Amino acid sequence: MPSILFITDPYIEHLLEGVVDFAREQRWALNAMMRRSGRFPEGMRPDGIIATIEHDDTARRLARFRCPVVQILRIRDEVRYPLVIPDYAALGATGARHLLTLGRPHFAFYRRFNAADSNAVRDGFLRTMRGADCEVTRLDFPHETSRTDISEK
């Protein structure tokens with residue numbers, strides 16, 4: 001049974017819920033104790049790590065492990081170990097293609113955070129919708145500011 005470590009920096013509950021569901025399906029031994037303790041796990045030798053990596057200290061500590069690291073959120077790319085990053089633009093395009101199959105006349109894209117991953121999802125979504133000659137209402141509510149941008153593109 002593979003041993004997988006879940007590192008939470010920052011901690012986001014719904015991400016853990018999805019990881020737990022997937023780990024059960026795959027029959028992984030998942031260690032998510034950092035969620036409860038807030039402390040970085042020491043002395044473990046996991047087969048792999050699933051992580052959100054925001055702070056330099058977390059990136060440095062992860063570099064000590066000798067296993068693959070899958071980064072859930074694309075907060076940082078400059079790390080010193082092998083990293084798997086999802087193709088967020090492809091995720092956005094896949095979502096757009098699915099919505100197009102439903103035959104709805106109006107589409108919107110809601111973005112809460114101004115981050116590389118959500119921007120890439122948005123760009124893939126908009127590119128696919130434009131390719132299908134569909135209008136999309138963009139609802140941008142970036143977390144870092146109080147500014148609201150609602151635009152038709």
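This is a predicted model, so every value here is computed, not measured. Count residues from 1 along the sequence.
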Practice prompt. Before giving the answer on side chain to side chain contact (heavy atoms under 4.5 Å, CB included), spell out for Asn31 and Phe6 the whole-Å C-alpha distance, their side-chain angles and the decisive distance to 0.1 Å.
Written response: CA-CA 6 Å; Asn31 181 330; Phe6 183 65; over 6 Å; no

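The line from CZ of Arg64 to CE of Met44 is 15.0 Å long, rounded to the nearest 0.5 Å. Taking CD of Gln26 as the start and CD1 of Ile4 as the end, the distance is 10.0 Å to the nearest 0.5 Å. Here CG of Leu62 is found 8.0 Å from CG of Leu5. Values are rounded to the nearest 0.5 Å. Put simply, CD1 on Ile7 and CD1 on Ile50 are 10.5 Å apart, with the number rounded to the nearest 0.5 Å. In this structure, the separation between CZ on Phe109 and CE on Met129 is 10.5 Å, given to the nearest 0.5 Å. The SG atom of Cys134 sits 11.5 Å away from atom CG of Leu126, with the distance rounded to the nearest 0.5 Å.
Glu135 is not listed as a side-chain neighbour of His106, based on a closest heavy-atom distance of 4.5 Å or more. In this structure, the side chains of Leu30 and Val19 come closer than 4.5 Å at one or more pairs of heavy atoms.
Note: the hydrophobic cluster containing Phe125 also contains Leu102 (ILVMFWY, side chain heavy atoms under 4.5 Å, direct or indirect links).
A donor-acceptor pair is defined here as one N or O able to donate and one able to accept, closer than 3.5 Å; such a pair exists between the side chain of Asp47 and the backbone of Ser3.
Arg111 pairs with exactly one of Asp117, Asp140, Asp123 by the salt bridge (Lys or Arg N to Asp or Glu O under 4.0 Å) rule, that one being Asp140.
In plain terms, the two heavy atoms of Cys67 and Gly48 that are nearest each other are SG-CA, 3.9 Å.
A donor atom on one side chain and an acceptor atom on the other are found under 3.5 Å apart for Arg97 and Thr94.
Classified by interplanar angle (parallel below 30°, tilted 30° to 60°, perpendicular above 60°), the ring pair Trp28/Phe22 is perpendicular.
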